[in-house]
Number of protein chains: 2
Amino acid sequence: MPVDRGRTKEEVAGEAWMAMYRFILGGEGQRNFHDACEHTGLAPGVLKTLLSLHPGQPQSMGELAETFRCDPSYVTSLVDGLESTGLAERRPHPGDRRVKDVVLTAAGEHRRDEAEKILSQPPEALDRLSFTELRQFRDLIEKIVGA
Amino acid sequence: MPVDRGRTKEEVAGEAWMAMYRFILGGEGQRNFHDACEHTGLAPGVLKTLLSLHPGQPQSMGELAETFRCDPSYVTSLVDGLESTGLAERRPHPGDRRVKDVVLTAAGEHRRDEAEKILSQPPEALDRLSFTELRQFRDLIEKIVGA
DNA sequence: TATTGTTATACTCTATAACTATA
DNA sequence: TATAGTTATAGAGTATAACAATA
């Protein structure tokens with residue numbers, strides 16, 4: 001390890017970012033998500049939509065499109081996927097009848113919980129940290145995400 | 001925040017994992033990758049392939065398929081994408097002529113560097129940590145990934 | 001006239017099945 | 001006969017363009 005490694009804050013941030021990035025995208029995260037799709041019987045896109053809906057928090061089609069940075073027409077098909085299986089439903093938005101709000105049904109909330117349970121199974125690699133280190137790590141990452 | 005939060009190591013690991021997972025998949029990582037695709041002029045899959053090849057380290061088609069957990073036929077099209085633009089080339093594997101090794105060309109190495117430069121741009125959210133916290137965080141994440 | 005969402009359509013991504021060459 | 005890779009093809013995933021309803 002070179003002595004001048006991570007000299008500036010930007011460099012250290014870059015190093016931390018790349019490590020995290022590779023960790024998630026290099027298999028660990030993908031495997032979990034794939035498992036969650038299989039277990040819930042949902043296609044990846046539909047599951048992603050299910051997860052971004054929260055109980056009691058309607059989201060408009062447009063908001064979902066913005067969240068996913070995708071075309072609104074694709075949101076139509078994603079929400080169709082949820083609605084056809086009774087996991088969510090569209091409701092007229094009070095005040096602007098052009099807008100449609102999407103809300104989870106009771107079944108949707110339940111299915112979402114199942115998916116979250118699978119996704120939150122941490123990869124074994126986290127065992128490389130001690131309990132103390134892990135708490136430290138969790139606090140730091142939560143500070144980063146602004147939780 | 002509930003008092004009994006993160007009581008066991010498993011719980012804390014789950015909390016840390018979910019925060020990290022959301023951070024990467026919830027936009028920050030996607031944006032960077034999208035930028036890298038645009039800048040390099042490569043389709044997402046092709047860029048992913050470029051990134052998993054390392055200078056001086058040939059990888060067989062089969063190894064790539066295993067890395068991506070995808071069908072070998074898809075690797076064919078991905079490597080075609082690299083080869084048609086002169087970023088990589090196929091070579092007969094010494095010792096087993098069924099196998100084809102994929103290696104980066106000089107142009108490929110250069111393009112790969114460009115992409116890495118963009119991808120390693122850390123999201124601004126990392127600024128929420130102090131320099132000291134950031135170093136701590138980097139050390140922990142690198143311990144996790146086994147660097 | 002501008003905006004939200006849908007429909008119809010086409011393009012990209014990825015897998016399955018049948019095939020070729022080598023082992 | 002079994003394995004590595006390719007070809008042809010089909011199925012998801014996602015976007016673009018034209019449209020209907022509401023503002």
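A, B, ... follow the sequence lines: proteins, then strands. Residue 1 opens every chain. Predicted model, so just to flag it, every value in this text is computed and none were measured.
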Engineer: Between atom CG in B:Asp71 and atom P in D:dA8, what is the gap in whole Å?
Structural biologist: 16 Å
Engineer: To the nearest Å, how far apart are A:Arg91 CZ and C:dG5 P?
Structural biologist: 16 Å
Engineer: Whole angstroms only, please: what is the CZ-C1' distance between A:Arg69 and D:dG13?
Structural biologist: 18 Å
Engineer: Base of D:dT16, side chain of A:Ser73 - is there a donor-acceptor contact under 3.5 Å?
Structural biologist: yes
Engineer: Specify the separation, in whole Å, of atom CG of B:Asp80 and atom P of D:dT7.
Structural biologist: 7 Å
Engineer: Using 30° and 60° as the class limits, which term best fits the ring planes of B:Phe137 and A:Phe137: parallel, tilted or perpendicular?
Structural biologist: parallel
Engineer: Does A:Leu78 or A:Asp96 map to a spot on DNA chain D nearer the 5' end, using the closest nucleotide for each?
Structural biologist: A:Leu78
Engineer: Let me know which of A:Arg90, A:Gln59, A:Glu89 forms a side-chain contact (heavy atoms from CB on, under 4.5 Å) with A:Val79.
Structural biologist: A:Arg90
Engineer: Please state how far atom CD in B:Gln59 lies from atom P in D:dA4, giving the value in whole angstrom units.
Structural biologist: 15 Å
Engineer: Counting side-chain heavy atoms from C-beta on, which of C:dA2, D:dT16, C:dT6 comes nearest to A:Arg98?
Structural biologist: C:dA2
Engineer: What integer distance in Å separates B:Glu66:CD from D:dG5:C1'?
Structural biologist: 15 Å
Engineer: Scan residues 39-48 of chain A against DNA chain D and write down, sorted by residue number, each residue with any heavy atom closer than 4.0 Å; if none is found, say none.
Structural biologist: A:Ala43, A:Pro44
Engineer: Can you tell me which nucleotide in D:dG5, C:dG5, C:dA23 comes closest to the side chain of B:Thr76?
Structural biologist: D:dG5
Engineer: Side-chain N or O of A:Arg97 versus OP1/OP2 of D:dA23: is the shortest distance under 4.0 Å?
Structural biologist: yes
Engineer: Which one, C:dA21, C:dT4, C:dT6, comes nearest to the side chain of A:Met61?
Structural biologist: C:dT6
Engineer: Nearest 0.5 Å, please: how far is OG1 in B:Thr67 from NZ in B:Lys48?
Structural biologist: 10.0 Å
Engineer: Could you see if A:Val145 belongs to whatever hydrophobic cluster contains B:Leu126? Use Ile, Leu, Val, Met, Phe, Trp, Tyr and a side-chain cutoff under 4.5 Å.
Structural biologist: yes
Engineer: Just to confirm, is there a sub-4.0 Å distance from OP1 or OP2 of C:dG5 to any side-chain nitrogen or oxygen of A:Arg90?
Structural biologist: no
Engineer: Looking at CD of B:Glu116 and CZ of B:Arg111, how far apart are the two atoms once the value is rounded to the nearest 0.5 Å?
Structural biologist: 14.5 Å
Engineer: Is the shortest side-chain N/O distance from B:Lys100 to OP1 or OP2 of C:dA21 below 4.0 Å?
Structural biologist: no
Engineer: In whole angstroms, how far is the C1' atom of D:dT3 from the CD atom of B:Glu63?
Structural biologist: 15 Å
Engineer: Rounded to the nearest Å, what distance is computed from the CZ atom of residue B:Phe68 to the P atom of nucleotide C:dA15?
Structural biologist: 12 Å
Engineer: Does atom CZ of A:Arg91 have more than 12 heavy-atom neighbours from other groups under 6.0 Å away?
Structural biologist: no
Engineer: Side-chain donor-acceptor pair under 3.5 Å between B:Arg112 and B:His54, yes or no?
Structural biologist: yes
